[in-house]
Amino acid sequence: MKILLPDNSELELPDGASGLDAARAIGPKLAEQAVLVKVDGEARDLRAPLADGDRIQLLTTRDKDDPDALAVLRHSSAHLLAEAVRRLYPGVKIAIGPPIENGFYYDFDFREPIREEDLERIEAEIAKELKEGRSWERSEISREEAKERFAAEDEPYKVELVDTAEGDISLYTQSHAEGDDFTDLCRGPHLQNSKPIKALKLTHLAGAYWRGDSTKPQLTRIYGTAFYAKEDLDAYLERLERARSRDHRRLGPQLDLFHMSEYSPGAALWTARGMAIYNALEDLRRRENARRGYSEVKTPLMWDVELWKRSGHWEKYGDNLFRIEHGDSLYGLKPMNCPGHMLLFNTQLRSYRDLPIRYAEAAVLHRDEPTGSLQGLTRARQFSQDDAHVFCTEEQIQEEIDAMFDYVDFLYDTFGVRELAHAELATRPDNKLGTDEQWDHTEGVLKAALDRIGLPYRIAAGEGAFYGPKIDFFMDDALGRPWQMGTIQLDGQQPERLGCTYMGADNREHTPYVIHRALFGSLERFIGILLEHYGGALPFWLSPVQVRVLPVGEGHLDSARTLALRLSEAGYRTEVAEPSETIGKRIRAAELEKIPVTIVYGDKESDESLAVRERGGEQSELSFSSLLERLATL
RNA sequence: GCCGGAGUAGCUCAGCUGGUAGAGCAACGCCCUUGUAAGGCGUGGGCCGUCGGUUCGAGUCCGACCUCCGGCUCCA
């Protein structure tokens, strides 16, 4: 058979030859260093047979940064971990151990719980394995054989995995000179041997439900990471450390933007500085909403739970509702604005001529999230969404959605966060309402809009609500964890439950469509992500303190105050740092506080000549009027 | 909610096997009178997360709870 190489040359191999055979045919060195073969771009085990006409690329230990090459190394590392744990903890049951984004994990069912300090012991055991060396052999067996084998080994999780696995069953046997085999059910691919694993570290311990199902037993997950070079591990750990210093939960209190209190978990205490950011978002929201035809409304924070029963939220989210007893009735703090907006819509008889009606409200919302899931501003119990509900006819849906995408596009550019964002389009579920033609149409509208603004997106097939598709916008935090931000959802259900109607041109009552949308998502979460993205050094227009004037000595205090006042009048958030400390120290403080512009004012300065320093250290000498020009460009 | 880790001054952290709590930064006072990332000297500051237990004696040992961190589940 013929195999195609990356340079388009052909390689003649006997039928059934593997990637490793191909490597051997090219050269012994390549065969030794090969870790993985990509067949038409897809990662495969070196030992798996190739087919005639396959286009292959061999990855070696030199492709140390290739994600697929790293995944193989880490997958094999997970198996070393499993072997070590089995030796140290007889009777432990093993579950599953895949590579993940920055490393790998393996799930175990320990007879006795283990603790973080046990990781050291396990790591030492793996180091021993690495010293002895391990090699991996692949074998294919029948489903029945595999089940028998793992049943005999008393590995119930493996038996279940065999039962639910798709395709052929393969095993990997890991062995060394003196034997001591460990054979694991595994699809692969794996390394040839453990030599390329130059750095391996177990990082942490966590509970994880078997098959991700909270009704199933919780296993102990050991996380680790591994690299082709020691330096790469060091660089990774350093990168992690740097990412931690961008954590908004650290930056917020440090920059005195907001604080948290254990007396109100999941709710922020905003300082005046933090409010400068919060209000900048609010101002923008109000201005743009007005420009784009939204009407700002305000609906109650607290509603009789009868409303939530009627809207359908009680059944699904009742547990997450904060409740307040009042006489004989029970109230709930609103977790969302929709029912309120629908009641407002219902206060008048609506004509098709009134539509679309766009209600906007950034009210405080409360959701009783599980304690273990709270996370600073990004997962809070109290937050505000830049929420809006657009009541419209079916014909108006497309135009409304297009307008929302323009709005998102505008926001992401304004805040400089486009590069962090991606979207997910959730399409028709099995229990959908309406015809396939209708779904083709609505999904098509959303897809076209996504393509138009050029945001990367993936399709979550079947994950839409039964009444309509939805789009969720995501952004990554400093540690690369994705957070749901904005959302655009078409709702053909709630309006009906709450009795929303309008009179159509046909003189008959119709139920309007409602498009729910939040574009920032939660304002709190958005600020959290912004802080992490900018490492606290926010763009000038968002900075809580934009300019700080530093009088050199007491004698310059009055001039400094006058200058600051004039800048405040020009619309800039300005303050004066009293001359109680040296200039050097005050400059340093301003840098640490990430203040974008500082002006030193002493004997040499005047309206004609101001000593302006920008964040980072760049200095210039500007007149007052050219300073204003400069600030306007920031 | 579940698994693991942690909670000591405003912040960052030290405090070995139980014997009345300590540093740096910050704050405050005085001196210096400042020129682009830390001037000097001094002072004050602690329910050692909360509650309970063991002990002559608990920051330290035990238990429960609360909060935070890393995950899991969940996230309208």
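Nothing here was measured: the structure is a model prediction, and the numbers come from that model. The sequence lines fix the lettering, A, B, ..., with proteins before strands; numbering per chain opens at 1. All values below come from the heavy atoms of this structure, side chains included, with hydrogens, waters and symmetry mates left out.
- Ring pair Tyr157(A)/Trp210(A) is perpendicular by interplanar angle, where above 60° counts as perpendicular and below 30° as parallel.
- An OP1 or OP2 oxygen of rU33(B) is reached within less than 4.0 angstrom by no side-chain nitrogen or oxygen of Arg586(A).
- Using P as the reference atom, rC16(B) and rC61(B) are 9 Å apart when rounded to the nearest Å.
- With both pairing distances under 3.5 Å, rC13(B) is matched to rG22(B) as a Watson-Crick or G-U wobble pair.
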Give me the distances for all protein-to-nucleotides 4-13 of chain B N/O pairs that come in under 3.5 Å?
unit_1	atom_1	unit_2	atom_2	d
rG4(B)	O2'	Glu116(A)	OE1	3.1

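- For the P atoms, the distance linking rC66(B) with rG10(B) amounts to 25 Å, nearest Å.
- Within the 4.0 Å cut-off from OP1 or OP2 of rU73(B), not a single side-chain nitrogen or oxygen of Arg211(A) is found.
- Taking only side-chain nitrogens and oxygens, Arg367(A) never comes nearer than 4.0 Å to OP1 or OP2 of rA76(B).
- For the pair Ser373(A) and rC74(B), the criterion of a side-chain N or O lying under 4.0 Å from OP1 or OP2 is not met.
- Atom pair Arg381(A):CZ and rC74(B):P shows a separation of 18 Å (rounding to whole Å applied).
- Checking the phosphate oxygens (OP1, OP2) of rG40(B), no side-chain nitrogen or oxygen of Lys585(A) falls inside 4.0 Å.
- Heavy-atom minimum distance, Leu233(A) versus Phe227(A): CA-CD1, 3.5 Å.
- Considering only side-chain atoms of Tyr223(A), the nucleotide from rU67(B), rC72(B), rG1(B) that sits closest is rC72(B).
- Distances were taken from every side-chain heavy atom of Pro335(A) (C-beta onward) to each of rG1(B), rC72(B), rA76(B); the shortest belongs to rA76(B).
- Which of rG71(B), rG1(B), rU34(B) sits closest to the side chain of Ile583(A) comes down to rU34(B).
- Side chain of Val600(A), nearest nucleotide from rG70(B), rU36(B), rU67(B): rU36(B).
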